[in-house]
Amino acid sequence: MLANLAFFALPLENTIPDPGYPTFFFFERGEWYDYVSLILVTALLAAGAWIIQRSKLAVLIGFIIVPVLLTIFWWPYSTPGTNSAGWFPIVKQYSALIGSLSLVAMQYFPKLRHKYWYLCLPPIILAVNIAEAVVRDFQCYNIHGVDPSQGMATWGGSWNIMNGIAGILNLLMISGWVGIYVARNKSKAIIWPDLTIWWIIAYDLWNFAYVYNCLADRAWYSGVALLCACTIPVLFPFARGSWIQYRAYTLTLWSGVVLTFPHFMQDSAFAHRSAHNPTALFWVSFVALVFNLGVFIYHAWKIATTHRNPATTEVYADTRASRELVERTAPAEVQSEVAARLASTGNLPARRAGRPKRNLE
């Protein structure tokens with residue numbers, strides 16, 4: 001079976017040449033400071049997101065003043081001649097920034113938390129970002145060599161198709177945005193309980209495979225570091241449930257770093273290249289597809305057996321993890337509303353019925 005699968009690890013038209021430097025399966029071996037740099041980038045991105053989540057001043061500086069100044073005085077001159085040139089990195093920066101500011105607005109303008117149309121913004125932005133990457137994966141299937149749009153070596157193959165399908169499945173599993181709320185503690189974290197740890201892992205596997213397939217020589221930082229920066233914090237109680245906020249904030253910060261210091265990933269001492277290994281390309285996408293398929297099957301089964309509409313109620317609100325998260329972080333009105341929605345599906349009795357309910361418009 002492995003021999004048969006290995007056949008598909010070859011690109012359709014060309015074999016991938018040896019990169020000419022020592023490699024460890026996914027990446028080049030590099031130097032010790034490459035690994036230290038990876039840890040530092042991960043930690044700084046996570047810390048930056050944590051600070052911005054909790055401070056209006058940090059939001060003002062990090063998401064308004066600095067981007068405006070860099071847009072005027074630095075970014076038009078920093079990227080020409082690098083693989084960060086062109087419109088795409090700028091669009092990525094500002095789309096991430098808009099997504100981040102939409103979450104900030106929910107924190108500081110309470111009326112928005114009661115608007116259903118506003119609660120739809122996070123899933124729409126997330127879905128659009130996934131869809132863009134899926135389209136790019138399919139496009140890269142036909143690229144074998146230096147991609148003229150990115151200036152990086154890209155090797156198309158069956159992995160692009162597999163990972164594109166994985167991304168579609170991941171997109172279809174976005175659910176329960178009606179249950180997004182702002183934590184009652186001083187963090188004012190944006191909590192989205194239906195983005196479970198299993199969905200997050202499925203997303204991470206898909207997104208890493210996408211970056212590795214389509215932006216190979218950026219995958220060390222834009223893949224490994226960036227995904228670790230938003231996933232590791234939510235494994236701990238202080239950030240649990242707020243993955244969407246950490247993802248948006250770390251992506252915004254990193255997109256700004258890429259535009260500001262475009263040589264960091266391209267040709268500095270800390271640049272860490274892909275191994276351009278067809279076996280690695282194949283298996284990372286294969287694992288992403290299998291994992292997303294497994295989570296998708298469970299997700300579909302959960303919807304079918306509970307009769308819950310992912311657009312109007314949380315699919316996983318009855319799980320232990322979701323219940324504990326809501327009880328620990330949600331305001332009383334949100335807890336009452338979650339209980340009412342569950343009761344309406346006939347799965348659980350209404351609880352806290354006497355408490356005020358958040359009326360969505």
Side-chain angles (χ1 to χ4, degrees), residues 2-35 37-38 41-42 81-86 88-89 92 132-167 204-228 254 258 262-291:
L2 292 179
N4 292 333
L5 288 173
F7 169 79
F8 294 101
L10 296 175
L12 295 182
E13 298 178 8
N14 301 33
T15 57
I16 300 177
D18 185 275
Y21 43 81
T23 62
F24 278 140
F25 197 64
F26 287 113
F27 298 100
E28 67 173 316
R29 291 184 186 178
E31 303 292 340
W32 63 269
Y33 45 78
D34 292 338
Y35 300 90
S37 179
L38 179 75
V41 168
T42 301
T82 72
N83 56 29
S84 297
F88 182 78
K92 193 68 175 177
E132 289 175 344
V134 167
V135 170
R136 183 59 182 160
D137 235 329
F138 289 148
Q139 288 177 337
C140 287
Y141 175 81
N142 293 312
I143 299 175
H144 307 290
V146 176
D147 178 5
S149 67
Q150 297 288 344
M152 289 180 285
T154 302
W155 306 101
S158 59
W159 38 82
N160 298 109
I161 305 303
M162 289 190 295
N163 201 55
I165 296 171
D204 285 353
L205 289 171
W206 161 77
N207 190 261
F208 174 74
Y210 157 70
V211 177
Y212 195 74
N213 290 346
C214 305
L215 302 166
D217 287 331
R218 294 185 183 181
W220 184 245
Y221 295 107
S222 296
V224 179
L226 188 54
L227 289 170
C228 287
W254 182 243
V258 170
H263 290 281
F264 178 77
M265 285 192 296
Q266 183 173 335
D267 50 23
S268 75
F270 301 100
H272 199 78
R273 296 165 292 186
S274 168
H276 297 287
N277 180 352
T279 305
L281 284 161
F282 174 82
W283 281 106
V284 70
S285 292
F286 180 76
V287 170
L289 175 59
V290 171
F291 196 91

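- Here the OG-CG distance, from S222 to L227, works out to 9.5 Å after rounding to the nearest 0.5 Å.
- Panel note: side chain W159, backbone W155; a donor-acceptor pair is recorded below 3.5 Å.
- Summarising the geometry, atom CG belonging to D137 is positioned 4.0 Å from atom SG belonging to C214; distances are rounded to the nearest 0.5 Å.
- Taking 4.5 Å as the limit, some side-chain heavy atom of H263 sits within range of a side-chain heavy atom of T82.
- Put simply, the side chain of C228 reaches to within 4.5 Å of the side chain of V224, judged on heavy atoms.
- When every heavy atom of S285 is checked against every heavy atom of A209, the shortest pair comes out as OG-CB, 3.8 Å.
- The shortest side-chain heavy-atom distance between I143 and C140 falls under the 4.5 Å cut-off.
- Within the 3.5 Å criterion, the main-chain N or O of E31 finds a donor-acceptor partner in the side chain of D34.
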**Request:** For M152 and L215, run side-chain contact (heavy atoms from CB on, under 4.5 Å): C-alpha distance rounded to whole Å, both residues' side-chain angles, the deciding distance at 0.1 Å, then the answer.
**Result:** CA-CA 7 Å; M152 289 180 285; L215 302 166; 3.6 Å; yes

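- N163 places a side-chain N or O within 3.5 Å of a backbone atom of W206 that can act as its donor or acceptor partner.
- For the ring-ring contact (aromatic ring centres under 6.0 Å, His included) with Y212, the qualifying choice from W220, F26, F25 is F26, the only one to do so.
- At least one donor-acceptor pair under 3.5 Å links the side chain of T42 to the backbone N or O of L38.
- Note that CE of M265 and CG of D217 are 10.0 Å apart. Values are rounded to the nearest 0.5 Å.
- Between Y141 and I161, some side-chain heavy-atom pair lies under the 4.5 Å cut-off.
- Between the side chains of R136 and N160, no donor-acceptor pair of N or O atoms lies under 3.5 Å.
- Within the 4.5 Å cutoff, side-chain heavy atoms of R218 are placed close to those of N83.
- Aromatic ring pairs are classed by plane angle as parallel below 30°, tilted from 30° to 60° and perpendicular above 60°; the pair H272 and F27 is tilted.
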**Request:** Walk me through it: do L226 and Y221 pass the test side-chain contact (heavy atoms from CB on, under 4.5 Å)?
**Result:** CA-CA 6 Å; L226 188 54; Y221 295 107; over 6 Å; no

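- Within the model, atoms CG of D204 and CZ of F291 stand 9.5 Å from one another, a figure rounded to the nearest 0.5 Å.
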**Request:** Test H276 against I16 for side-chain contact (heavy atoms from CB on, under 4.5 Å), laying out the working first.
**Result:** CA-CA 7 Å; H276 297 287; I16 300 177; 4.1 Å; yes

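- A pairwise comparison of heavy atoms in A216 and S274 identifies O-CB, 3.4 Å as the closest pair.
- Between A269 and Y33, the shortest heavy-atom contact is O-CE1, 3.3 Å.
- Using a 4.5 Å heavy-atom cutoff, the side chains of R29 and T23 are not in contact.
- Without hydrogens or angle criteria, N213 side chain to Y210 main chain gives no donor-acceptor distance under 3.5 Å.
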**Item:** Intermediate values then yes/no, side-chain contact (heavy atoms from CB on, under 4.5 Å), F264 and S37
**Value:** CA-CA 11 Å; F264 178 77; S37 179; 3.5 Å; yes

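- Here the side chain of E28 pairs no donor or acceptor atom with the backbone of Y21 at under 3.5 angstrom.
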